[in-house]
Student: 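Below you will find the structure I want to go over with you.
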Amino acid sequence: MNVQPEGWSVLMHVVEKNNMLLSQQLIAAGADLNFSDSKGDTALKIARRNGYFDLDLMFSVSKVHFLLGSNKVNSAFSPFLIVGFSIPKI
């Protein structure tokens, strides 16, 4: 899961592209949220540096799930549901 092309995990590359859905699927599949490159960057740091606050929230909540003993994150997880927002249907 944590293949390291150019020193980054797959999750880090996906976050750099601001791909919420694929990030969510990688986390649900067991991607390491704590993986860091040689500079100490993690997927969370990349999300924060680029202002991807939805990804930031998803990583933060996912880490809480892990610390509470749930090592699997629901693949239908949405950070918007956690904070009381809803996504409008088109």
Side-chain angles (χ1 to χ4, degrees):
M1 175 59 57
N2 296 306
V3 179
Q4 303 163 18
E6 302 174 18
W8 278 16
S9 68
V10 173
L11 181 60
M12 293 167 83
H13 283 282
V14 169
V15 168
E16 181 71 17
K17 301 292 184 193
N18 195 24
N19 189 324
M20 180 77 161
L21 180 60
L22 191 50
S23 296
Q24 183 177 1
Q25 292 173 340
L26 288 169
I27 292 168
D32 183 1
L33 297 175
N34 296 313
F35 180 85
S36 61
D37 66 8
S38 61
K39 297 178 187 174
D41 281 341
T42 63
L44 177 59
K45 286 182 181 180
I46 293 167
R48 287 182 175 168
R49 180 173 54 237
N50 289 306
Y52 302 150
F53 301 114
D54 52 345
L55 285 169
D56 182 343
L57 177 61
M58 184 176 67
F59 292 137
S60 298
V61 172
S62 296
K63 284 187 178 190
V64 169
H65 280 271
F66 179 78
L67 293 172
L68 292 176
S70 172
N71 59 357
K72 291 272 186 182
V73 177
N74 184 344
S75 61
F77 167 76
S78 171
F80 298 105
L81 298 175
I82 299 296
V83 295
F85 291 100
S86 62
I87 302 171
K89 294 186 179 183
I90 299 174

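All figures in this text were calculated on a predicted structure; none of them were measured in a lab.
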Student: So, taking the atom named CG in Leu22 and the one named CD1 in Ile27, what distance separates them when rounded to the nearest 0.5 Å?
Tutor: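 Separation between the atoms: 10.0 Å.
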Student: With sequence neighbours left out, write down each residue that passes side-chain hydrogen bond (donor to acceptor under 3.5 Å, both in side chains) with Asp41, or none if nothing qualifies.
Tutor: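 Partners of Asp41 by the side-chain hydrogen bond (donor to acceptor under 3.5 Å, both in side chains) criterion, ordered by chain and then number, come out as Arg49.
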Student: Quick one: closest heavy-atom pair of Phe59 and Ala47, and the distance?
Tutor: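 Smallest heavy-atom distance, with atoms named: CE1-CB, 4.1 Å.
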Student: Identify the two heavy atoms, one from Glu16 and one from Tyr52, that lie closest to each other, and give their separation to 0.1 Å.
Tutor: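 That closest heavy-atom pairing would be O-OH, 3.4 Å.
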Student: Can you see which heavy atom on Ser36 is nearest to which on Thr42, and at what distance?
Tutor: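 What the structure gives for the nearest pair is CB-CG2, 3.9 Å.
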Student: The criterion is side-chain hydrogen bond (donor to acceptor under 3.5 Å, both in side chains); which residues satisfy it with Asn19, sequence neighbours excluded?
Tutor: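 Partners of Asn19 by the side-chain hydrogen bond (donor to acceptor under 3.5 Å, both in side chains) criterion come out as none, since no residue qualifies.
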Student: Please report the closest heavy-atom contact between Asp32 and Asn34, naming both atoms and the distance.
Tutor: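 What the structure gives for the nearest pair is OD1-N, 2.9 Å.
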Student: Between atom CZ of Phe53 and atom CE of Met58, what is the distance when rounded to the nearest 0.5 Å?
Tutor: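 These two atoms lie 15.0 Å from each other.
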Student: Check whether any side-chain heavy atom of Val10 lies under 4.5 Å from a side-chain heavy atom of Leu26, and answer yes or no.
Tutor: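 Sidechains of Leu26 and Val10: in contact.
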Student: Might you point out which heavy atoms bring Ala43 and Met12 nearest each other, and give the distance in Å?
Tutor: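 Shortest heavy-atom separation between Ala43 and Met12 comes out as N-CG, 3.8 Å.
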Student: Say you draw a straight line from CZ of Arg48 to CG of Asp56; how long is it, rounded to the nearest 0.5 Å?
Tutor: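 Nearest 0.5 Å value for the CZ-CG distance: 4.0 Å.
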Student: Starting at NZ of Lys45, measure out to CG of Asn50 and round the result to the nearest 0.5 Å.
Tutor: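 Between atom NZ of Lys45 and atom CG of Asn50 there are 14.0 Å.
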Student: Would you name the heavy atoms of Asp54 and Met20 that are closest together and state the gap between them?
Tutor: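 Smallest heavy-atom distance, with atoms named: O-CE, 3.8 Å.
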Student: Hey, are the side chains of Gln24 and Leu21 touching, using non-hydrogen atoms and a 4.5 Å cut-off?
Tutor: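 Sidechains of Leu21 and Gln24: in contact.
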Student: For the atom pair CD1 (Ile46) and CG (Asn18), what is the distance rounded to the nearest 0.5 Å?
Tutor: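 Those atoms lie 12.0 Å apart.
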